[in-house]
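Values below: every heavy atom of this structure, side chains too, minus hydrogens, waters and symmetry copies. Everything numeric here is computed off the predicted structure, so don't read it as measured data. Throughout, protein chains are lettered first and strands after them, A, B, ... in sequence-line order, and every chain is numbered starting at 1.
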There are 2 protein chains.
Amino acid sequence: MKSIVRTSKLPLYHQLYEILRENILSREWQPGEMIPSEAELIDQHEVSRTTVRQVLDMLAKEGLIYRQPGRGTFVAHPTVEQALVRIVSFTEDMQQRGETPGTHVLSSSLVPAPQDIAERLGIEAGEELARLERLRLADGEPMSVEESYLVHRYCRGVLRGDYAATSLRQALERQYGIRLVRAKQTIRAIPAPQKLARLLSVPPKSATLYIERVSYSQDDIAVEFLRIHYRGDRYSLYNELQG
Amino acid sequence: MKSIVRTSKLPLYHQLYEILRENILSREWQPGEMIPSEAELIDQHEVSRTTVRQVLDMLAKEGLIYRQPGRGTFVAHPTVEQALVRIVSFTEDMQQRGETPGTHVLSSSLVPAPQDIAERLGIEAGEELARLERLRLADGEPMSVEESYLVHRYCRGVLRGDYAATSLRQALERQYGIRLVRAKQTIRAIPAPQKLARLLSVPPKSATLYIERVSYSQDDIAVEFLRIHYRGDRYSLYNELQG
DNA sequence: TAGTGGTCTAGACCACAAA
DNA sequence: TTGTGGTCTAGACCACTAA
């Protein structure tokens, strides 16, 4: 198990956060299981209660844990509710919804950046982009069509991967050290153009949920522009608001 | 100015939060303006730094303030980005988008709760609901149709108000002390039914962004069920995700 | 009664911005 | 040099849960 390094430049709470988060995501601590009490975490990591609570507050805010006064702190069960606030892969998304994901790669090529996409990514028009178009299936039926544009400069050769089987996000992380940690997106309802309607197996002009997303790396650099058309009759988004 | 009551059952941080929040929302503290430093807040309200910082963390998380190390803490400028995370009135929403809002009341009546809505609100089917149907305009053109269902028990007589001119949210707050502080919603793309298409001035089966929302009061009681159909060609949602 | 999380205090040292 | 927010500590009292 990783432990806190007192000489690190990283704040103690940040190190402890990474450690606890890893224990949860790796399933070392199972959903529903009680995690060590605040007192135990203080002893184990030799930090103050304030620091421990700061970390638990962060994890609770993210929905990874929940607390029960007088009882303890527990690992939360993953819920669909997280979908719209956390960046989630198609595979993960479908699994949360209880459907079996599938993928067909429709096309994959290098293209010069069109003006509109270049603007969104903060690069020059004409710069080389890796374009990947995929049909996504849920339980064998078409669910969405995704069009990814990656700034090729940051991930030369990405298109050599097989993205029917592998996750694009995983490849970016493992081969290029790029973690997509933040994204901005807009959501619209638009009628399916003819070609898209055929791919999705719906009548032309059917309502689709259309999302445009720009994703940023851990260094806050725009890396990907994504267009997704979801079938309106099969897909819905969920989120929570506060006043 | 309100001040903290030490004998109150409410936690100090909660009272201080309400006070600072009110100063911001009432525009007593203008956007961009520096708010009192942590040291000043400690003196003014006679609480510890921990308590002050807990409150500032909450406000920063909400996006109401931002901090600059070494400089101070400032009131944030309202941004469109808040739209999908904060609960926003139609009027406020349109103003942020730079359009002039308008409203026509289509119908208003008391109805027994249908099974599906009763479930969402956590009440018995058949319980009395106040139903309000409104057409929303932006720059004089139809933008959306809203159908509100309020649990009448909590706000007897609401329907006497004129909700073409007044905000329903304001009426709930001022007349019934109900503040909608939290909501859950799902977002879909669906084709406009004939009747709706006429109201929105679009062809039948046009794509609409359809939102179902359950809103909760400060006491965490479900108060309102809302259905909104936005014209797909005029409206888009925006939000930010984190990895 | 013992253990848990919720709230709160008084103090400390740091890096950074501005004068 | 002064004031700001960022991080961290050690300790306290409370209400609640479970044995």
Is the base of C/dT7 touched by the side chain of A/R53 through a donor-acceptor pair closer than 3.5 angstrom?
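Between C/dT7 and A/R53, which were checked side chain against base, a qualifying N/O pair under 3.5 Å is absent.
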Quick check for you: among [options], whose closest atom lies nearest to any side-chain atom of [X]?
X: B/R6; options: D/dA10, C/dC8, C/dG5; value: C/dC8
X: B/P11; options: C/dC8, C/dG5, D/dC8; value: C/dC8
X: A/S37; options: C/dC8, C/dG5, D/dC8; value: C/dG5
X: B/S48; options: D/dT9, D/dG6, C/dA10; value: C/dA10
X: A/Y13; options: D/dT7, D/dT4, C/dT9; value: D/dT7

Cation-pi check for A/Y149 against A/R120: NZ or CZ below 6.0 Å from the six-membered ring centre and within 45 degrees of the axis, yes or no?
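That pair does not qualify as a cation-pi contact.
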Starting at the 5' end of DNA chain C, which residue's closest nucleotide do you reach first, A/T73 or B/Q68?
A/T73
What integer distance in Å separates [X]:[atom1] from [N]:[atom2]?
X: B/L12; N: D/dA12; atom1: CG; atom2: P; value: 20 Å
X: A/R67; N: D/dT17; atom1: CZ; atom2: P; value: 16 Å
X: B/L10; N: D/dC14; atom1: CG; atom2: P; value: 19 Å
X: B/R49; N: D/dG3; atom1: CZ; atom2: P; value: 15 Å

Among B/R169, B/E146, B/R134, B/Q95, which one satisfies side-chain contact (heavy atoms from CB on, under 4.5 Å) with B/F90?
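It is B/E146, the one option of B/R169, B/E146, B/R134, B/Q95 that forms the side-chain contact (heavy atoms from CB on, under 4.5 Å) with B/F90.
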A/P69 vs B/R71, nearer the 5' end of DNA chain D by closest nucleotide
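Checking each residue's closest nucleotide, the 5'-ward one belongs to B/R71.
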Is any side-chain heavy atom of B/Y154 closer than 4.5 Å to one of B/I178?
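They are in side-chain contact.
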Distance check: side-chain N/O of B/T51 vs OP1/OP2 of C/dT9, anything under 4.0 Å?
yes
Do the charged groups of B/E46 and B/R6 touch, with an N to O distance under 4.0 Å?
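No, B/E46 and B/R6 are not salt-bridged.
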